[in-house]
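Being a predicted model, the structure only gives us computed values, none of them experimental. Numbers here are sequence positions counted from 1.
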Amino acid sequence: MRALLALTLLCSAAVAQAAVQTREIPYQDTDGNRLIGYYAYDDAVEGKRPGILVVHEWWGLNDYAKRRARDLAALGYNALAIDMYGDGKHTEHPDEAKAFLEAAMKDPEGAIKRFDAGLELLKIQPNTNKHQLAAIGYCFGGKVVLDAARRGEKLDGVVSFHGPLATQTPAKPGVVRAKILVEHGAADSIVTEQQVTAFKEEMDRAGVSYEFVTIQGAKHGFTNPDADRMSHGEHGGPDIGYNKAADESSWADMQAFFKKAFD
């Protein structure tokens, strides 16, 4: 009986210790800007595993982006939610979010440096397999990861969830290394049908391996449970909305996509 109790306590302790671990990591880009990364991994997974960057919405590095890093860690990946605005700043006010985004987009070279700094930080984490790397992005972050693929970043795959599709730097034949998955809401009033068509034509011309999933009834921001509140909040937010079915189906698509991309 005493031996059985000891074994039970030992097993319980092992289960308690095997969990997703997280920590914030300060880092800098090559211009010396102070950035904050949110790193997540599962200590029950042994050895090195693929690393995935998470790029936040226009709201900044908020709890939602961090949650997605934890979700990826629970799947067995090393995940790093990176900081595209500096100092880990974030907001729920659309005017502030717009100002953050415009400042980031006004300096495209700076945005590339911030992305690259995050990628390098992920690669040097002890459990990361630096030969298996990918990135996912939401809204603004979707554009960031798509543009990373367009310029030939060494990534196995990128996934854009309700991200903008237009770009100033279209993909060119022979440049894109990453496979691409786009999860797009059919009821997205922010991304136009013309932009969808132009994106597909761009990918086809460049010979990119891509999947484009259109989800009926899903609006912009469909993966974020806070989207409804932020759309109808006191500040008068953008036309976004959460869709549970679309959230779950797009996450399942991502998992299947990464299994193929990392193989």
(request) Using a strict 4.0 Å threshold on nitrogen-to-oxygen distance, state whether Glu248 and Lys244 make a salt bridge. (result) yes
(message) Could you check whether any side-chain N or O of Lys179 sits under 3.5 Å from a backbone N or O of Tyr210, counting only pairs where one atom can act as donor and the other as acceptor?
(response) no
(request) Check whether any side-chain heavy atom of Ile52 sits under 4.5 Å from a side-chain heavy atom of Val159, and report yes or no. (result) no
(message) Same cluster or not: Leu61 versus Phe161, using hydrophobic residues (I, L, V, M, F, W, Y) connected whenever any side-chain heavy atoms lie under 4.5 Å apart?
(response) no
(request) Examine Val191 and Leu181 and state if one hydrophobic cluster contains both, with Ile, Leu, Val, Met, Phe, Trp and Tyr joined whenever side-chain heavy atoms are less than 4.5 Å apart. (result) no
(request) Mind listing the closest non-hydrogen atom pair of Gly142 and Ser160 along with its distance? (result) CA-OG, 3.5 Å
(request) Report yes or no: do Tyr38 and Ile82 belong to one cluster of Ile/Leu/Val/Met/Phe/Trp/Tyr joined by side chain heavy-atom distances under 4.5 Å? (result) no
(message) Looking at Asp71 and Arg67, is there a salt bridge between them, counting it only when a charged N and a carboxylate O are closer than 4.0 Å?
(response) yes
(request) Determine whether more than 12 heavy atoms belonging to other residues, nucleotides or ligands lie under 6.0 Å from atom CD of Gln255. (result) yes
(message) With a 3.5 Å distance limit and no angle check, can you tell me whether Thr167 reaches the backbone of Thr169 through a side-chain donor-acceptor pair?
(response) yes
(request) Check whether any side-chain N or O of Asp63 sits under 3.5 Å from a backbone N or O of Lys66 as a donor-acceptor pair, and report yes or no. (result) no
(request) Could you check if a side-chain atom of Asp253 sits within less than 4.5 angstrom of a side-chain atom of Glu211, using non-hydrogen atoms only? (result) no
(message) Donor-acceptor pair, distance only, cut-off 3.5 Å: does the side chain of Asn129 make one with the backbone of Pro50?
(response) no
(message) Checking His162 against Thr223 for the side chain to side chain contact (heavy atoms under 4.5 Å, CB included) test, could you report, in this order, the C-alpha distance in whole Å, the side-chain angles of both residues, the deciding distance, and whether it holds?
(response) CA-CA 8 Å; His162 43 83; Thr223 65; 2.8 Å; yes
(request) Might you work through the side chain to side chain contact (heavy atoms under 4.5 Å, CB included) test for Leu75 and Trp251, ending with a clear yes or no? (result) CA-CA 11 Å; Leu75 295 175; Trp251 191 252; 3.9 Å; yes
(request) Answer yes if the ring centres of Tyr138 and Tyr64 are under 6.0 angstrom apart, and no otherwise. (result) yes
For residues 84-91, tabulate all N or O donor-acceptor pairs below 3.5 Å that involve a side-chain atom, not counting sequence neighbours.
unit_1, atom_1, unit_2, atom_2, d
Tyr85, OH, Trp58, O, 2.9
Asp87, OD1, Arg34, NH1, 3.1
Lys89, NZ, Tyr85, O, 2.8
Thr91, OG1, His93, N, 3.0
Thr91, OG1, Glu96, OE1, 2.4

(message) Counting C-beta onward and ignoring hydrogens, is there a side-chain heavy-atom pair between Lys219 and Ser189 closer than 4.5 Å?
(response) no
(request) Give a yes or no on whether Val158 and Val54 share a hydrophobic cluster (residues Ile, Leu, Val, Met, Phe, Trp, Tyr; joining criterion: side-chain heavy atoms under 4.5 Å apart). (result) no
(message) So if I apply the side chain to side chain contact (heavy atoms under 4.5 Å, CB included) rule between Asp156 and each of Lys260, Gln132, Arg177, His131, which one comes out positive?
(response) Gln132
(message) For Ala117 versus Leu35, what's the shortest heavy-atom pair and its separation?
(response) CB-CD1, 4.4 Å
(request) Please answer whether the main-chain N or O of Tyr41 pairs with a side-chain N or O of Asn78 as donor and acceptor at a distance below 3.5 Å. (result) no
(message) With a 6.0 Å cut-off (strictly less than), is the heavy-atom count around NZ of Lys48, excluding the residue itself, greater than 12?
(response) yes
(message) Please check this pair: side chain of Thr197 against backbone of Glu193, looking for a donor-acceptor N/O pair closer than 3.5 Å.
(response) yes
(request) Could you tell me whether the side chain of Glu183 reaches within less than 4.5 Å of the side chain of Ile215, counting heavy atoms only? (result) yes
(request) Please report the C-alpha distance between Asp239 and His220 in whole Å, then the side-chain angles of each, then the deciding distance to 0.1 Å, and finally whether the side chain to side chain contact (heavy atoms under 4.5 Å, CB included) criterion is met. (result) CA-CA 7 Å; Asp239 184 20; His220 199 81; over 6 Å; no
(request) Check for a donor-acceptor pair, side chain of Asp29 on one end and backbone N or O of Arg114 on the other, with a separation under 3.5 Å. (result) no
(message) Restricting to non-hydrogen atoms, name the atom on Ala40 and the atom on Thr22 that form the minimum distance, rounded to 0.1 Å.
(response) CB-CG2, 3.9 Å
(message) Using only atom types and a distance under 3.5 Å, with no angle test, would you say the side chain of Asn224 pairs donor to acceptor with the backbone of Asp226?
(response) yes
(request) Could you tell me which non-hydrogen atom of Gly118 sits nearest to which non-hydrogen atom of Leu53, and how far apart they are? (result) O-CD2, 3.7 Å
(request) State, to 0.1 Å, how close Gly217 and Ala187 come at their nearest heavy-atom pair, and which atoms those are. (result) C-CB, 4.0 Å
(request) For residues Leu80 and Leu121, determine if any side-chain heavy atom of one lies less than 4.5 Å from a side-chain heavy atom of the other. (result) yes
(message) Quick one, Val196 with Val182, criterion side chain to side chain contact (heavy atoms under 4.5 Å, CB included). Give me CA distance, side-chain angles, the key distance, then yes/no.
(response) CA-CA 10 Å; Val196 171; Val182 173; over 6 Å; no
(request) Measure centre to centre between the rings of Tyr39 and Tyr27, then say whether the value is under 6.0 Å. (result) no
(message) Test of understanding: clusters of I, L, V, M, F, W, Y form through side-chain heavy atoms closer than 4.5 Å, transitively. Do Phe222 and Val213 belong to the same one?
(response) yes
(request) Check whether any side-chain heavy atom of Leu146 lies under 4.5 Å from a side-chain heavy atom of Lys143, and answer yes or no. (result) no
(message) To check you understand the geometry: which heavy-atom pair defines the closest contact between Val208 and Ala178, and what is its length?
(response) CG1-O, 4.3 Å
